[in-house]
Amino acid sequence: KLRSLRPDLTVPEVRGAGEWKLFTKMARKGVDWSDETSRWHPDFCREVDMTRERKLFRQRPGRDLLPLIEGRMVQQHRFGAKAYVAGTGRRAEWEALPIGCAAVAPQFWIAKQDLPGRAADRAKAVRAGFCDIAGQTNERSMMAAVIPAGVACGNKVPTVVFPALEDDALHLWCGMVNSLAFDWLLRRILTTTVNYFLLQSVPLPAIDPKSLPGRRIIEAVKEIAKLDTARGTQGIAWRIAELRGRIDVACFKAYGVDAADVSVIMNDFLS
């Protein structure tokens, strides 16, 4: 039974029969996107190694230089959640930007011609990205956002595209993996890092990009991103919370979650 849900035989950290039953139900309702035949099969990329390529970094913006995105700058639906202030290494100071005021304010820039391998092409395109440092006890474990063209991502922000799907699928994917439902499943198997294999072992909600729920999630994710860079705060946080709530409801439904199950999931985030 475990092998049918977890081919690698890793045991989910569930607290009792009720959580195991819920995990099983959601996993079986979901979509296996590790399957190479799946339309959701991803193309991952770690664009810039923050250690190996350090000598190429610049500390001021300039012509043909791209902002370098670090993990702390990406949060749920938020691209530009923190701004660099001063300092280096572990003593670097970052300012948390309020909802509605997201901005790209990096610590480093890198020249386009210095981007390694396929990162140069990747930086020209819109893609999704996520912070791969996480934990089971964090407020949220999965933190993904749509990454615009014209920036490069450090190795702690792996990026992803879906070659078999249209670009809007990136917004749907971000909505689904940022949902409470997906996060709850991920927390059952997570330690400290969201690596590719672990991430793909969590089934996605069965939501087609062209379906009504899929289109609604895509629209919600786009609106959240627009609101978060509106340079204002009045009413924006409430509207974003409303949009995220709609996404959560759609994902709960796709996983076959009922009201009692939602209570179990929510308790995990409140405890």
Side-chain angles (χ1 to χ4, degrees), residues 46-48 50 57 59 61 66-110 122-123 126-160 170-180 182-183 186-187 190 192-194 199 217-218 220-245 247-248 269:
R46 291 189 185 273
E47 299 178 5
V48 179
M50 296 293 290
F57 298 172
Q59 293 186 312
L66 301 181
L68 189 56
I69 307 305
E70 299 183 49
R72 70 194 75 207
M73 300 169 72
V74 176
Q75 293 182 5
Q76 286 194 320
H77 296 289
R78 304 196 70 201
F79 173 73
K82 288 188 177 181
Y84 174 69
V85 177
T88 59
R90 294 184 179 275
R91 294 186 178 181
E93 297 176 27
W94 292 79
E95 177 189 3
L97 300 177
I99 292 173
C101 296
V104 179
Q107 179 174 191
F108 302 114
W109 283 259
I110 187 169
R122 199 79 159 197
V126 176
R127 63 274 200 212
F130 61 95
C131 179
D132 76 351
I133 301 299
Q136 294 171 317
T137 57
N138 290 2
E139 181 179 333
R140 297 295 288 271
S141 298
M142 186 64 183
M143 294 182 287
V146 175
I147 308 294
V151 303
C153 291
N155 56 285
K156 294 304 180 183
V157 185
T159 60
V160 57
L170 296 173
H171 297 83
L172 176 54
W173 182 82
C174 281
M176 294 191 298
V177 299
N178 280 327
S179 70
L180 285 162
F182 185 91
D183 204 300
L186 179 64
R187 289 158 81 95
L190 184 68
T192 58
T193 303
V194 184
L199 184 60
I217 291 176
I218 290 168
V221 171
K222 288 182 176 180
E223 185 177 347
I224 290 170
K226 185 176 180 179
L227 288 169
D228 198 28
T229 56
R231 309 304 298 167
T233 56
Q234 187 172 4
I236 287 179
W238 181 261
R239 175 58 179 167
I240 288 177
E242 181 182 36
L243 291 166
R244 289 181 60 169
I247 294 170
D248 282 327
F269 291 94

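Heavy atoms only, all atoms of each residue included: Arg187 and Arg140 are closest at NH1-CA, 4.0 Å. Scanning both residues, Gly129 and Val74, for their nearest heavy atoms gives O-CG1, 4.2 Å. Looking at every heavy atom in both residues, Ala144 comes nearest to Asn178 through O-ND2, 2.9 Å. Here the closest heavy-atom approach between residue Ala123 and residue Val151 is recorded as CB-O, 3.4 Å. What you find for Val104 and Pro67 is that their closest heavy atoms are CG1-CB, 3.7 Å.
The side-chain contact (heavy atoms from CB on, under 4.5 Å) search around Tyr84 returns Ala92, Trp94, Gln107, not counting sequence neighbours. Legend: residues meeting side-chain contact (heavy atoms from CB on, under 4.5 Å) with Cys153, ordered by chain and number and at least two apart, are Glu47, Ile69, Arg127, Ile147, Val157, Thr159. Listed by chain and residue number, His77, Ile240, Leu243, Arg244, Ile247 satisfy the side-chain contact (heavy atoms from CB on, under 4.5 Å) test with Ile224 (two or more places apart in sequence, or in another chain). With sequence neighbours excluded, the residues forming a salt bridge (charged side-chain N to carboxylate O under 4.0 Å, His left out) with Asp132 are Arg46, listed by chain and number.
The SG atom of Cys174 sits 7.5 Å away from atom CE of Met142, with the distance rounded to the nearest 0.5 Å. Interatomic distance, CD1 of Ile236 versus CG of Leu227, reported as 5.5 Å (0.5 Å rounding). One finds the OG1 atom of Thr88 at 7.5 Å from the CZ atom of Phe108 (value rounded to the nearest 0.5 Å). Rounded to the nearest 0.5 angstrom, Leu199 CG and Phe182 CZ are separated by 5.0 Å. Here the straight-line distance linking atom CD1 of Ile217 with atom NE2 of His171 works out to 13.0 Å at 0.5 Å rounding. Separation of atoms CG (Asp183) and CE (Met176) is listed at 14.5 Å; rounding is to 0.5 Å.
Between Val177 and Phe130, every side-chain heavy-atom pair lies at or beyond the 4.5 Å cut-off. Here the side chains of Met73 and Phe79 are not in contact, with every heavy-atom distance at 4.5 Å or above. Counting only heavy atoms from C-beta outward, the side chains of Val221 and Leu172 never approach each other to under 4.5 Å. Considering only heavy atoms from C-beta on, Leu68 comes within 4.5 Å of Met50 through its side chain.
Applying the side chain to side chain donor-acceptor pair (under 3.5 Å) rule to pairs touching residues 222-232 yields Arg78-Asp228, Asp168-Lys222, Glu223-Arg239, sequence neighbours excluded. For residues 82-103, no residue pair satisfies the salt bridge (Lys or Arg N to Asp or Glu O under 4.0 Å) rule, not counting sequence neighbours.
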